[in-house]
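To start, the structure under review is shown below, and the notes come after it.
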Amino acid sequence: MASPNALTSQSEDFPRWYQDVVAKAEMADNGPVRGTMVIRPYGYALWERIQAEIDARIKAAGAQNAYFPLFIPQSYFAREAEHVEGFSPELAVVTYAGGEELSEPVVVRPTSETVIGEFMAKWIQSHRDLPLLLNQWANVVRWELRPRLFLRSSEFLWQEGHTAHVSYEDAAAYAMRIHLEVYHDFLVNVMAVPAYVGIKSPRERFAGAINSLTCEGMMRDGKALQMSTSHELGQNFARAFNIVYQSEAGQSELCHTTSWGASTRLVGGLIMAHGDDRGLVVPPRLAPIQAVIVAVRDEPAVLDACAAIDAALRAGGVTTSVDRGRGSFGRRVTDWEIKGVPLRVEVGPRDLANGVVTVVRRDDGSKHVVTLEALPSRATELLAQMQTALLEGARARRDAATADVTSIDDAIEAAQTGFARIAWDQVGDSGEARLNDLAVSVRCIQRADGSTPVSPNEADLVAIVAKSY
RNA sequence: CGGGCUGUGGCUUAGUUUGGUCUAGAGCGCUCGGCUGGGGGCCGAGAGAUCGGGAGUUCAAAUCUCCCCAGCCCGACCA
């Protein structure tokens, strides 16, 4: 019954398994310039689903989409000291264009705090103009030395939100809202990734931020992946770009700004959070194709039945694709499994003779014989069950691979196979340095109940430490 | 940027040590035909490589020498 291995197994070589999945599920290819990525239709369809879900949540939080230029004057970066220091190693700079040397080099955006800050300063006059809530979907460039498809590429796609507020409290509350209502909600309820939430330690913070909120997912090899970040930028950028408003009292005041983003890295996270030895496993709510109808044979009677089943499923709100039965059955089944399509509806002469189809769930391989009449509702039910099972499975793995420890040594030990939870007081700057020396880092700092604190100075915080991508 | 290594059809690679038997072989993939068909099925026929690039040594270079280029792995940052 077991099919021959199309992929390297996870236990044998996890990074290689990842590469195999990306290639064989036809998600992406390496671009011609080192570190660049070609996103293929299936990979892009997954990204479009991620975009749609995140975009809807961003709009629900009141932000509007806009677009700012790819090219940024180099001088902008110099205005915020930490920001320029943090980003200069990975900047791509255009010095020659239009047939001549440029008088001022132009940076290809690695992130847009600076340009957007410049325009916020122009647009904001009064407290009545606040809050200003912007978001853009864009590509960004951060020159990478060690690229990996989706996880770390020199150019990637993302959304970056940028907002300006009258007070620290408003800004902090909005960053928190995005963190919880956009990212965490999406991760848990759509992507089925029970991410740990918290704030970054000072040394892991975004360059130029006063506080960074993060969602950290556990991959199936026990390593962490940062899946989103939301930053409180304080008045750092407002000061650098002169983003000021006139208060009700008539005083000129500096704004408080935030920025927040999630990228195509989430596609990599999807692969590693749920994938198994047969390939990708896509949560139903995220799947571009929720059910593939596989014709066992390329025969008119079977194909007609497939078309009718397809129509019925679509009418029932299930997104589908029909595999018309060219090529061997085993090959086609394997290909759909690698792509992680949640349900496979097998339609063959034997099924049709009995007025049924065979439905197979991708996550647990369970087979269900379903009558044609019951199929749409049964499919919806199975999709819902799979969505729940994926989240519960991921949570169970996460909890089983998270160890409570009381020393840095034990944290390092635990981080070899999973996460460690340790009192933040036990870590300290020197403890964090020791962790970092062994490629382990503080992924986030959270309250004892798992919620996100407001600052690293709250009492009784715990640190989640792990190796990370 | 420092250290280790590799470049041979689309992909994985044999051949390089010891130059000639290489008109470069195979597997996967691809094309065509047939048989098949409920887990990568079988048979047959094909297409596809100026052996990373350049220079050199030699009667003779995938193989030896030099230079260049590209990529991979390991060490400091990042969504």
Side-chain angles (χ1 to χ4, degrees), chain A residues 1-8 13 15-16 19-20 23-24 29-30 32-35 37 50 54 83 85-91 109-112 138-148 150-161 183 200 203-207 212 214-217 224-231 259-269 278-279 294-299 302 323-338 344-354 356-358 360 365 367 369 436-439 441 468-469:
Chain A
M1 201 57 179
S3 57
N5 272 354
L7 307 166
T8 305
D13 185 343
R16 180 136 182 233
Q19 289 186 325
D20 284 355
K24 297 206 171 178
D29 257 334
N30 284 306
V33 171
R34 178 175 160 73
M37 160 170 70
I50 292 170
I54 289 180
H83 195 62
E85 190 188 334
F87 277 102
S88 44
E90 35 187 355
L91 290 184
R109 76 174 153 231
T111 180
S112 303
N139 57 337
V140 282
V141 169
R142 299 180 185 179
W143 217 251
E144 287 293 346
L145 303 177
R146 298 185 58 61
R148 291 188 67 184
F150 290 116
L151 298 175
R152 216 192 283 114
S153 50
S154 288
E155 179 192 6
F156 58 90
L157 307 182
W158 76 345
Q159 91 12 248
E160 50 177 323
Y183 300 134
K200 284 295 185 186
R203 71 164 67 196
E204 297 281 337
R205 214 141 55 192
F206 177 74
S212 290
T214 180
C215 290
E216 299 283 330
L225 181 73
Q226 178 174 307
M227 308 196 81
S228 72
T229 46
S230 313
H231 313 292
S259 68
W260 26 277
S263 73
T264 38
R265 169 177 279 189
L266 286 172
V267 178
R278 290 168 176 243
V294 179
V296 171
R297 304 231 186 131
D298 186 6
E299 294 171 0
V302 172
D323 180 332
R324 298 186 181 283
R326 301 179 67 92
S328 81
F329 178 77
R331 162 54 73 99
R332 292 182 287 128
V333 162
T334 307
D335 286 346
W336 289 114
E337 280 182 340
I338 291 173
R344 181 171 75 248
V345 180
E346 298 180 0
V347 182
R350 235 152 59 194
D351 298 296
L352 294 177
N354 297 319
V356 299
V357 291
T358 307
V360 185
K367 293 196 173 183
V369 175
N436 292 355
D437 285 345
L438 294 166
S441 56
S468 72
Y469 281 95

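Side chains are part of it too, since the values below use all heavy atoms of this structure and drop only hydrogens, waters and symmetry mates. Below, chain A is the first sequence line, B the second, and so on; all start at residue 1.
Applying the 3.5 Å distance criterion, the base of B/G38 shares no donor-acceptor pair with the side chain of A/Arg332.
Atom CZ in A/Phe329 sits 9.0 Å away from atom CG in A/Asp323 (nearest 0.5 Å). Rounding to the nearest 0.5 angstrom, the gap separating the CZ atom in A/Arg344 from the NZ atom in A/Lys367 is 6.5 Å.
Using modelled atom types, one side-chain atom of A/Ser154 and one backbone atom of A/Glu144 make a donor-acceptor pair closer than 3.5 Å. In this structure a side-chain-to-backbone donor-acceptor pair under 3.5 Å is present from A/Glu160 to A/Ser112. Using modelled atom types, no side-chain atom of A/Glu346 and backbone atom of A/Val294 make a donor-acceptor pair closer than 3.5 Å.
Looking at heavy-atom distances under 4.0 Å, A/Pro349 makes contact with a base. Nucleic acid contact for A/Arg344: base, since at least one base atom lies under 4.0 Å from a heavy atom of the residue.
Nearest to the side chain of A/Asp351, among B/G39, B/G37, B/G38, sits B/G38. Checked against B/G37, B/G29, B/G38, the side chain of A/Arg331 finds its nearest nucleotide in B/G29.
Applying the 6.0 Å contact sphere to CZ of A/Arg16 captures no more than 12 heavy atoms from other residues, nucleotides or ligands. Atom CD of A/Glu85 is surrounded by 12 or fewer heavy atoms from other residues, nucleotides or ligands within 6.0 Å.
If you take atom C1' in B/U63 and the same atom in B/G56, they sit 15 Å apart, rounded to whole Å. If you take atom C1' in B/G15 and the same atom in B/A49, they sit 14 Å apart, rounded to whole Å.
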Pairs under 3.5 Å (N/O, protein and nucleotides 4-13 of chain B):
none

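When rounded to the nearest whole Å, the span between CZ of A/Arg326 and P of B/G41 equals 16 Å.
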* Report, as a single string ordered 5' to 3', how protein heavy atoms within less than 4.0 Å touch nucleotides 73-79 of chain B: B base, S sugar-phosphate only, - not at all. => -S-B-BB
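Classification of A/Lys200 and A/Glu216 as a salt-bridged pair holds, one side-chain N sitting under 4.0 Å from a carboxylate O.
Secondary-structure stems of RNA chain B, taken as three or more successive Watson-Crick or G-U wobble pairs (i with j, i+1 with j-1) under a 3.5 Å distance threshold, comprise B:1-7 with B:69-75, B:10-13 with B:25-28, B:30-35 with B:41-46, B:52-56 with B:64-68.
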* Can A/Arg265 and A/Met227 be said to form a side-chain contact (heavy atoms from CB on, under 4.5 Å), step by step? -> CA-CA 7 Å; A/Arg265 169 177 279 189; A/Met227 308 196 81; over 6 Å; no
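Using bins of under 30°, 30° to 60° and over 60° for the plane-to-plane angle, the ring pair A/Phe87/A/Phe206 lands in the perpendicular bin.
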